[in-house]
Amino acid sequence: MSETSVNIQNIYKGRLKRFDDVLSRRVPDRVPVIPNVDTWIYHYAGVSVKEAFLKDSDKIFQTVKFFDENVPVDGIMGTANTFPVKMGQNIGEGVYVVSDEGVQIKGSSGRLMEPQEYALLAENPMKFFANVLIPRRFRSFRDGSGEKKVDIIKQAYKDFCEFGAYNAAANSRIEKELGLPILTMGSNFLAPDIVLDYLRDFVGIAADIRRCPDELAAACVSLTEYVSEMFFDTAGEPGEKVLFSPLHLPTYLRPKDFARIYLPFMQKYLEEMAVKHGYSIYFFMENNWMPYLDMLKDFPEGIKFVGLFESGDLAKIKAELGSRMTVMGGMPIELLRFGTKEQVIEKSKELLDTLAPGGGYIFSTDKSLLSLNDGKPENLIAACEYITLNGKY
């Protein structure tokens, strides 16, 4: 092995250890720097998102290489290529579209079932999806012969495998040639978010919480078991990397509805995945969680668990929940977009002063950066440089 390869391996191990230390409640050598850059990096590198995601995985590698060479970071959560677009298009009526600018969703596909069907979902989620929802959603599964439907399934499986191999080629090069960890090992959705995003949409689930909360909860219990079974059929071993779950529904709920409808599934997920099986968990805590803090104090301790908070008083969040979770975030993308370099550095200093003491903090942006309009490169660089230089313990 060449000296260069050894150095890159050491860089990789050092970055990954820094991340694992902070998740494990150990004080790292310095605050990890992991901005939530999503598709922003492609625009920063001058690379077409469509070309990178659909035509040439080397463009993903070259994009991340350019980013890594110019912005001091300890890792990225992913390369943003998360949707098997080709598979959806071949099945028919694919939801996502990729352009040179990024990934867009076509309209709304959330209202797929009616509230009176919760009993069917609760009884047997797999049967309900296979026999009712998939044919309802995709014309290709309503029309044609059984042989044609089998061919569609075979092609979908082939497309999904090719999508995984396409990403794996870029990811492997990023980690081995750049020494930059890709910190998300997979994604999971909590059952109430699946109902919101794919089955009932926002208006539907809001009505269900008022009119049929028990039926909704029973369906979510069965759906949780079904999703868990699918996960463990293909899951890799736990390690330093995290399972990612974006939490879409909770902050739109009244606290009493959050406690009744959503909190039990957060707790069950942490108990099952983190306590029982040892996975590291990453929740994207959308919107404002301040009204719910007291209810999060019963989360299990001693697990690897990080939450990226979009808003709220992060110092208070860390003070109240720091024994149970690592806090991530803090840098407003509005400041990166509209502020001066001096203002960004001042905010970075404030974050170190208030959140870094004692460990338990990862520097990041409060929201995902999707385009260059979301943050000036010079401002993001200034923030990451400041934290890297001054966030040492």
Side-chain angles (χ1 to χ4, degrees), residues 8 11-12 15 19 31-83 85 96-104 166-167 169-184 244 284 308 310 328-345 347-348 351 362-389 391:
I8 292 173
I11 291 171
Y12 176 83
R15 286 166 158 173
F19 182 70
V31 173
V33 176
I34 309 171
N36 196 3
V37 287
D38 207 83
T39 50
W40 182 92
I41 58 174
Y42 297 91
H43 301 292
Y44 173 53
V47 173
S48 159
V49 175
K50 185 175 182 178
E51 290 283 332
F53 285 6
L54 300 181
K55 297 183 180 180
D56 185 0
S57 66
D58 180 64
K59 292 186 182 295
I60 296 177
F61 171 78
Q62 295 299 334
T63 293
V64 177
K65 182 174 185 290
F66 181 82
F67 174 71
D68 183 51
E69 290 173 344
N70 289 278
V71 186
V73 296
D74 292 304
I76 55 175
M77 301 314 295
T79 64
N81 189 21
T82 55
F83 304 108
V85 174
Y96 296 97
V97 177
V98 182
S99 70
D100 291 338
E101 297 302 312
V103 182
Q104 295 85 34
Y166 186 91
N167 279 335
N171 293 353
S172 177
R173 291 188 63 196
I174 289 166
E175 296 200 323
K176 292 179 179 178
E177 297 180 33
L178 305 180
L180 186 70
I182 298 173
L183 295 165
T184 300
F244 168 63
F284 198 117
L308 190 151
E310 282 195 323
M328 185 174 179
M331 177 54 68
I333 65 169
E334 289 83 1
L335 185 61
L336 295 178
R337 181 179 182 182
F338 297 112
T340 65
K341 181 178 177 180
E342 291 72 24
Q343 289 172 323
V344 167
I345 291 174
K347 180 63 177 181
S348 301
L351 293 173
I362 297 172
F363 172 81
S364 188
T365 50
D366 62 348
K367 299 176 179 66
S368 298
L369 295 165
L370 302 178
S371 73
L372 283 182
N373 288 333
D374 291 333
K376 301 173 187 174
E378 60 268 26
N379 281 348
L380 181 62
I381 292 169
C384 293
E385 286 181 342
Y386 185 88
I387 299 295
T388 300
L389 293 173

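Keep in mind that what you see is a predicted model, and the values were worked out from it rather than measured.
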Show the numbers, then the answer: is there a side-chain contact (heavy atoms from CB on, under 4.5 Å) between Phe244 and Met77? CA-CA 9 Å; Phe244 168 63; Met77 301 314 295; over 6 Å; no
With side-chain contact (heavy atoms from CB on, under 4.5 Å) as the test, would you mind laying out the steps for Phe66 and Ile41 before giving the verdict? CA-CA 9 Å; Phe66 181 82; Ile41 58 174; over 6 Å; no
CA sep, side-chain torsions, deciding dist, call: Leu380, Val37, side-chain contact (heavy atoms from CB on, under 4.5 Å): CA-CA 10 Å; Leu380 181 62; Val37 287; 4.0 Å; yes
Intermediate values then yes/no, side-chain contact (heavy atoms from CB on, under 4.5 Å), Glu177 and Ile8: CA-CA 7 Å; Glu177 297 180 33; Ile8 292 173; 5.5 Å; no
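Residue Val344 comes nearest to Ala383 through the heavy atom pair CG1-CB, 3.6 Å, listed as atom of the first residue, atom of the second, then distance. Heavy atoms only, all atoms of each residue included: Gly375 and Trp40 are closest at O-NE1, 2.9 Å. Considering every non-hydrogen atom in both Asn70 and Pro72, the closest pair reads O-CD, 4.1 Å. Taking every heavy atom of both residues into account, Leu308 and Ser364 meet most closely at CD1-OG, 3.7 Å. Nearest heavy atom pair, residue Ile34 against residue Gly75, reads CG2-O, 3.5 Å. When all heavy atoms are compared, the tightest approach of Val73 to Pro35 is CG1-CD, 3.6 Å.
The closest side-chain heavy-atom distance from Ile76 to Val64 is below 4.5 Å. At a threshold of 4.5 Å between non-hydrogen side-chain atoms, the residues Val71 and Tyr44 count as touching. Looking at heavy atoms from C-beta onward, Met331 lies in side-chain contact with Lys347 at the 4.5 angstrom threshold. Using a 4.5 Å cut-off on side-chain heavy atoms (C-beta onward), Leu370 and Tyr42 make no contact. Residues Glu310 and Phe284 are in side-chain contact: their nearest non-hydrogen atoms beyond the backbone lie under 4.5 Å apart. Pro377 is listed as a side-chain neighbour of Leu372, based on a closest heavy-atom distance under 4.5 Å. Looking at Ser48 and Phe53, their side chains never come closer than 4.5 Å, going by heavy atoms from C-beta outward. For the pair Val31/Ile362, no side-chain contact is recorded, criterion being any heavy-atom separation below 4.5 Å from C-beta on.
The closest donor-acceptor contact from the side chain of Tyr166 to the backbone of Lys55 lies under 3.5 Å. In this structure, the side chain of Asp38 does not engage the main chain of Ser368 through any donor-acceptor pair within 3.5 Å. Although no hydrogens or angles enter the test, the distance criterion places no donor-acceptor pair under 3.5 Å between the side chain of Ser57 and the main chain of Ala170. Listed for the Asn379 side chain is a donor-acceptor partner under 3.5 Å among the backbone atoms of Gly339. The main-chain N or O of Asp374 is never found under 3.5 Å from a side-chain atom of Arg337 such that the two would form a donor-acceptor pair. A donor-acceptor pair under 3.5 Å is absent between the side-chain atoms of Asn81 and the main chain of Ala52, judged by distance alone. Counting only distance, with no hydrogens or angles, the side chain of Glu175 and the backbone of Ile182 share a donor-acceptor pair below 3.5 Å.
A salt bridge is defined here as a Lys NZ or Arg NE, NH1 or NH2 lying under 4.0 Å from an Asp or Glu carboxylate O, and Asp68 with Arg15 meets this definition.
Judged purely by distance below 3.5 Å, without hydrogens or angles, the side chains of Asn36 and Thr365 never pair a donor atom with an acceptor atom.
Taking CD1 of Ile174 as the reference point, atom CZ of Phe67 lies at 11.0 Å (rounded to 0.5 Å). For the atom pair CZ of Phe61 and CG of Leu180, the computed distance is 10.0 Å after rounding to the nearest 0.5 Å. Atom CG in Leu336 sits 13.5 Å away from atom NZ in Lys341 (nearest 0.5 Å). The NZ atom of Lys376 lies 13.5 Å from the CD1 atom of Ile333; values are rounded to the nearest 0.5 Å. Residue Ile60 holds its CD1 atom at 11.5 Å from CD of Glu51, rounded to the nearest 0.5 Å.
Counting non-hydrogen atoms of neighbouring residues, nucleotides and ligands closer than 6.0 angstrom, the NZ atom of Lys367 exceeds 12 such neighbours. Other residues, nucleotides and ligands contribute at most 12 non-hydrogen atoms within 6.0 Å of the NZ atom of Lys50.
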